[in-house]
Protein chains: 2
Amino acid sequence: MSARQESMASLTTDVAYQAIRGKILSGEIKGGEWLREAELAVQLGVSRTPVREALGRLVADGLAFHEPNRGVRVGEWTIGDFNEIYDLRLLLESYGASMAATNPETDVVLLRKLADEMTNIAESDSPQYAHLTDLNNTFHHAILTFSGNSKLATILASIVQVPLVRLTFARYTRAELLRSMNHHREMVDAFEARDAKWAEAVMRSHLRSGWSAMQGFISVQHLDE
Amino acid sequence: MSARQESMASLTTDVAYQAIRGKILSGEIKGGEWLREAELAVQLGVSRTPVREALGRLVADGLAFHEPNRGVRVGEWTIGDFNEIYDLRLLLESYGASMAATNPETDVVLLRKLADEMTNIAESDSPQYAHLTDLNNTFHHAILTFSGNSKLATILASIVQVPLVRLTFARYTRAELLRSMNHHREMVDAFEARDAKWAEAVMRSHLRSGWSAMQGFISVQHLDE
DNA sequence: ATCTCCTATTTGGTATACAATAATTTTTGA
DNA sequence: TCAAAAATTATTGTATACCAAATAGGAGAT
């Protein structure tokens, strides 16, 4: 099982999936809206068939919901959902960090490089948030990979997913941003020391403080759109 | 998001999904075998369309794998996979147990009823293993529900899944079976005492001992078929 | 106003056709 | 003989057309 994944390069269906997913993530299609097969098909210039398969995948990964004989509609997320997601993320990622800390396969050099680069970006005058987000994703994903449990990254991807995408570093205060960067570097130190408990604790702090920072503007976001 | 799920009652596709899934779980279709669309379609007396959707769902929940322009084939599972799965199960279910212990919504009466009924069955002369398995699933699922995190049960279902289905209580020694029943009852005691740490510890013991019992005959299973 | 019936819309499913791709077999050429 | 090339075959991926069933919404009747 382990390695192979074959992430479905089958052109049309995949394009449709990515396109619709993008519309949801970007907010172009809002929560609760219907995803009409025919409409999307003409919009994307494909037939209903790949659209249906794409919708099936969106439903499968929890981004949308299927109502029999009615169709598929985009999911809506409450603060309670975010809370549940963050609790699980805390549980799984801190476990991953503790496992990665004692795994000899863990590439500490890579992680440090990522942490340092993120710090540089964050400390610049006008941080490139998009790049920062990419590096951050890479960093967290790498840790999960180094945990040695190949299922871990998959599961987390299926939980964390979409709804958090719009909550980016751009919303952090400067203090929050710098603290986040400090966490990254401290985590690498913990890995270097092969200290599982330390790594786990830093990851907990990191995610918890991130969640705390986000909670503020989630309600705002709900109000102004 | 929380409650609603709309578990797709759309006849044909669902029937196909269940049928193919059943063939995999029962071992009729073995790991590594191809799932041919046309073949399955005639076998099930439906067209290729619902078969394709069913295969998509099987791929989505990790039971099968897609190889572009080649088709879908049933996954193969190694002992390493089982290990990873059990580690995650331990993490998530013990978390669930600890949360359920202090949740006032937890229906201790129901759980005790289940635990007692399982004990009765296990202590009888010829235990009805199928019924025992059902009750056990209900018991574990109920705890996850009482954890208060609605995502927890979903995630676990997506991990534990299939590959473990064939590893049933029927393979347990009498001692292992009775110990498992003791764990269930002890867990209810921990819930009644609202002792999160206790509940968590019992769940850890429970799953770890179960995994230990299974490890033995997994290799056997691999050899004799 | 409420209930019933009708109609439009949309899904869920079938059937069929066909291009693209990968595997297999056959043929070719040294 | 045997490896490379070419032809054949099998199967997926997509499109298209069509139809039954279900739902929503509105017209009309009570």
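Letters go in sequence order (proteins before strands), and every chain restarts at 1. Values reported hereafter were calculated over all heavy atoms of this structure, with side chains retained and with hydrogens, waters and symmetry mates removed. Bear in mind the structure is a predicted one, so any value in this text is a computation, not a measurement.
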Whole angstrom value for the distance that separates [atom2] of [N] from [atom1] of [X]:
{"X": "B/Trp34", "N": "D/dT12", "atom1": "CH2", "atom2": "P", "value": "9 Å"}
{"X": "B/Glu37", "N": "D/dG13", "atom1": "CD", "atom2": "P", "value": "6 Å"}
{"X": "B/Glu53", "N": "D/dT12", "atom1": "CD", "atom2": "C1'", "value": "16 Å"}
{"X": "A/Arg73", "N": "C/dT10", "atom1": "CZ", "atom2": "C1'", "value": "14 Å"}
{"X": "B/Asp14", "N": "C/dG12", "atom1": "CG", "atom2": "P", "value": "12 Å"}

Are any of the side-chain heavy atoms of B/Asp87 and A/Leu152 separated by less than 4.5 Å?
no
N/O (side chain, B/His66) to phosphate O (OP1/OP2, D/dG13) under 4.0 Å:
yes
Is the shortest side-chain N to carboxylate O distance from A/Arg57 to A/Asp14 below 4.0 Å?
yes
Salt bridge between A/Arg73 and A/Glu33, side-chain N to carboxylate O under 4.0 Å?
no
Let's see if you can work this out: which of C/dT10, D/dT14, C/dT14 has an atom nearest to the side-chain heavy atoms of A/Arg36?
C/dT10
Mind telling me whether A/His206 and A/His183 have parallel, tilted or perpendicular rings, with 30° and 60° as the class edges?
perpendicular
Over 60° means perpendicular and under 30° means parallel, so classify the ring planes of A/Trp211 and A/Tyr86, tilted if in between.
parallel
Specify the residue among A/Thr49 and B/Gly71 whose closest nucleotide of DNA chain D lies further upstream toward the 5′ end.
B/Gly71
Heavy atoms under 4.0 Å, any strand shown: does B/Arg52 hit a base, just sugar-phosphate, or nothing?
base
Below 3.5 Å between N/O atoms, which protein atoms pair up with nucleotides 18-24 of chain C? Just atom names and distances, please.
residue : atom : partner : partner atom : Å
C/dA23  : OP1  : B/Arg70 : NE           : 3.0

If you count every heavy atom of other residues, nucleotides or ligands that lies below 6.0 Å from A/Met181 atom CE, does the total exceed 12?
yes
